[in-house]
Amino acid sequence: MNSLLLRSALVVSSVLFCLPVLAQTRSSARVAHATSARPSLNDPNSERKIEAFLQKMTLEEKVGQLVQYSAGQPTGPGTGRTDYDNMIRKGEVGALFNITTAREVNAFQRIAVEQSRLHIPLLFGLDVIHGFRTEFPIPLGLASSWDPQLVERAARVAAHEASASGIRWTFSPVVDIARDARWGRMAESSGEDPYLGSVMARAYVHGYQGTRLDAADNIAACAKHFVGYGAAEGGRDYNSVELSERTLRQVYLPPFQAAVDAGAATLMSAFNSLNGIPASANPFTLKQILRKEWGFQGIVDSDWTSVAELVAHGIANDGAAAARKAFLGGVDMDMASSLYHDHLAQLVRSGEVPEARVDEAVRRVLRVKFALGLFEHPYTDESKEAAAMLQAESLALARTAAEQSFVLLKNAAWPDGAPILPLSTETRTIALIGPLADDQKNMLGSWAARGRAEDVVTLRAALTQKLGVDRLRYANGTEIIGGSDDQIAEAVRAAEQADVVILALGENAPGMTGEAASRAHLGLPGRQQQLLERIVATGKPVVLLLFSGRPLTLPWAFEHVPAVVATWFPGVQAGPALVRTLFGEVNPGGKLVVSWPRAVGQEPLYYNALNTGRPAGNIDLTRPPKNGDEKYVSRYIDMPNSPQFPFGYGLSYSNYQYGQPRLSKDQLSAGALNDELRAGGGASNAAVEASADVTNTGTRAGEETIQLYVRLQGTSVALPVRVLSGFQRVTLAPGETKKVTFTVAPDAFAFWNDQNKFAVEPARVTIWVSPDSSSGSGATLQITK
Ligand code: BGC
């Protein structure tokens, strides 16, 4: 389904459910609030200057603009080069990255601007993935807020801090679709859904870039990794990818197109091969789709040595061939492999690469440098750097972001009849146990840019502040990996002395999540499962906080632990956000952006799957198969098909009741919808309105993310059982009912059909307005010819 564009606008009208209708308020969808103006790369003044530069540049100087090196802490295998000063002086370098302070940036910039022949400034990049110094939750956590405005604001803070250090280019957002929890980089993504991923892609780009790239605290975004990287076979990082064009266009490309439409100045080509053709030398995706179909004007940067890796992929037998294939395949800039530097000029001289193509790539690089205002303001004011970091409002936002990212997975009633969470402030003694309870470094998550462990307030610190040291029994219980019997015994003693136990378990952020961190086992590492079972055996009420960059397969925990919260890696304000959530100052409202598996064998696992010809239908898939079940259906014999928790799922301290969805029409015409798509109104016009009443039946105010799903049947190609096509995070007072209305746009009904076109076809349509991807009852309508 074509989720490239904004599909639904939302109208909320609110009434208190015990009263007659009092008022109707109308507001547009959250997704529509994002900044709509986008920075332009086409300034006629700059174009003239760029042409003048091209006249003056030697071939080597042109190639220099297409060369990028890491001059700081490496984030990939080394290239062996260190003579950057000299190369910059000779005009042989266009961009540097992995430098993190204004002083270092200025030092390199001075060489480029004051000592090179043409004085062209360098562009400085960095992986600012979820914050620069003020670290926010990892992107998987940020997306779990289902709040694009929050994400946009977090990206703004990151841009403000990064630019104060002279970094004007971030290698973010990661807009890869992640359907497989084995893949460590799921942590960096916005999850498995193309619609949500597109909304988040736009939010990041707007947050980083604002409306003008030359504003001193705006930075250029880089949508990555183009494309299919998250579909690595077996979830093993860098592995090969096979995707049909339909899946590519319906699932993997939409967030990239959303980023491009939002004005992303740059894009990064991926490491993986896609249907046999490495993504960093793939003219179909880089030229046909990106340039021709989408009109992308910015820079395509390679990933770290992905140009050189064409040799390992087997499509080039030497560095020169790799440089030629990557460059002609559509990669403008070579990150870290040095092969453009070594071979591109010679390839032009031998006629294998047209110089016009080099000129075009140089234009793209210079356009971004002009757009950022680097020619006028190449230096960064070092005296202002420190003050830009960790500002009070930035920390407040980091706390809010963490609070909104938590997903309450389970909250069972304890024998006194009440759910275990929120905890009462009257609780006499709390045992805080686990290797992540007082761990500053891991709270930062992977890709923590300039984040420092000492900036993190841990759960232990925040809890001590809340309760005082006397009411807290702390024991780390075990290490994330490793640990001893004595540690476990000490933790059991602490639990026995307490009224409630908070267990902080999970993964090690830099080692087990992020790049090159795929896992074949998704349980708790080390002795943590053993610790968990020993603590639960004390009979004390246990709240389990799971710190991870992905869902973990913990069926035992979900059966035996009364309360479980997915906390991801929450960033610098981890402790305060957790304490406020645990004690009910904040009502959790995060929802899963990935399907949570029961077992690794279910992966890849995603809700928007096809039905198959032999769906398991009415069989109760929550229990193992029994005699009498139909055998020849698509299921496991030893495991339900269903996830532990579905995409879109998340509990709250309130309860929400959903009414039956109602549609404003029971018929639509495919012809009329296609006309609107052709005329360009496919993303904004209303095709039909879907509404439902949602009531907060609990006793606390809360925020509920209400989701709109669509299914099409009777079409020329098989389509998913549900596709997310809209959502809204709505605040509901206790007892309040809101009528939530989604204005569904024509493109919600379009898909890549059997003629290889995005179009609407006659179909039976089911529409759900539901709390997650697997519940609720649908309303139907018909699309006629
Ligand atoms: C990663 C990219 C990152 C680059 C530069 C690569 O290894 O795949 O996501 O932007 O390094 O650090």
Side-chain angles (χ1 to χ4, degrees), residues 67-79 81 93-100 123-132 138-140 155 158 162 167-178 183-190 201 204-205 208 219-232 235-239 241 255-256 259 264-274 278-280 298-310 312-313 326 331-338 445-451 509-511 513-518 549:
V67 170
Q68 179 192 28
Y69 293 109
S70 163
Q73 181 68 30
T75 43
T79 50
R81 279 200 181 275
V93 180
L96 287 179
F97 67 113
N98 284 341
I99 301 160
T100 57
L123 177 54
F124 292 89
L126 188 75
D127 293 278
V128 183
I129 305 295
H130 52 108
F132 181 69
I138 54 170
L140 193 67
I167 309 302
R168 299 296 306 284
W169 183 18
T170 175
F171 308 131
S172 168
V174 176
V175 299
D176 298 312
I177 293 294
W183 190 51
R185 303 198 80 169
M186 175 179 268
E188 297 172 51
S189 80
S190 292
Y204 278 105
V205 172
Y208 293 134
I219 62 178
C222 178
K224 70 186 189 185
H225 307 79
F226 198 67
V227 57
Y229 184 39
R236 206 182 72 212
D237 208 1
Y238 318 125
N239 205 3
V241 171
F256 284 97
T266 77
L267 184 140
M268 187 182 289
S269 64
F271 289 125
N272 55 284
S273 66
L274 175 63
S280 288
I299 303 168
V300 173
D301 192 14
S302 80
D303 202 346
W304 179 290
T305 61
S306 67
V307 174
E309 289 164 27
L310 299 182
H313 274 293
V331 174
D332 300 311
M333 188 181 269
D334 172 9
M335 179 193 281
S337 78
S338 206
S446 71
W447 293 111
R450 237 177 93 184
T513 79
E515 188 174 352
S518 295

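Heavy-atom basis, side chains included; hydrogens, waters and symmetry copies ignored. Each ligand, and each atom within it, is numbered from 1 in the order the structure gives.
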From Asp237, Asn239, Thr513, residue fulfilling side chain to side chain donor-acceptor pair (under 3.5 Å) relative to Trp183:
Asp237
In terms of atom number and element, which parts of ligand 1 are under 4.0 angstrom from non-hydrogen atoms of [X]?
| X | result |
| --- | --- |
| Phe171 | 10 (O) |
| Phe271 | 6 (C), 7 (O), 8 (O) |
| Thr75 | 5 (C), 7 (O), 11 (O), 12 (O) |
| Phe97 | 5 (C), 12 (O) |
| Lys224 | 2 (C), 3 (C), 9 (O), 10 (O) |
| Arg185 | 1 (C), 2 (C), 8 (O), 9 (O) |

Test side-chain contact (heavy atoms from CB on, under 4.5 Å) on Trp169 and Asp301 and set out the steps.
CA-CA 12 Å; Trp169 183 18; Asp301 192 14; 3.3 Å; yes
Atom 3 (C) of ligand 1 sits nearest the protein heavy atom Asp127 OD1, 3.1 Å
Any sub-3.5 Å donor-acceptor pair from Trp447's side-chain atoms to His130's backbone N or O?
no
Judged by atom type as modelled, is there a donor-acceptor pair below 3.5 Å linking the side chain of Ser280 to the main-chain atoms of Ala270?
yes
Please confirm whether [X] comes within less than 3.5 Å of ligand 1 when only nitrogen or oxygen atoms on both sides are compared.
| X | value |
| --- | --- |
| Asp303 | yes |
| His225 | yes |
| Glu515 | yes |
| Trp304 | no |

Picking from Ile138, Asp127, Asp176, Val174, what satisfies side chain to side chain contact (heavy atoms under 4.5 Å, CB included) with Glu188?
Val174
Does ligand 1 have a heavy atom under 4.0 Å from the side chain of Gln73, from its backbone, from both, or from neither?
neither
Can you tell me which portion of Tyr238 lies within the under-4.0 Å heavy-atom range of ligand 1? Options are side chain, backbone, both, or neither.
neither
Quick check: closest heavy atoms across Tyr204 and Ile129, and the distance to 0.1 Å?
CE2-O, 4.2 Å
Between Thr75 and Asn98, do the side chains contain an N or O donor and an N or O acceptor separated by less than 3.5 Å?
yes
Worked check of side-chain contact (heavy atoms from CB on, under 4.5 Å) between Met186 and Leu140
CA-CA 7 Å; Met186 175 179 268; Leu140 193 67; 4.1 Å; yes
Would you please classify the geometry between the His225 ring and the Phe271 ring as parallel, tilted or perpendicular, with 30° and 60° separating the classes?
parallel
Of all the heavy atoms in Glu188, does at least one lie under 4.0 Å from an atom in ligand 1?
no
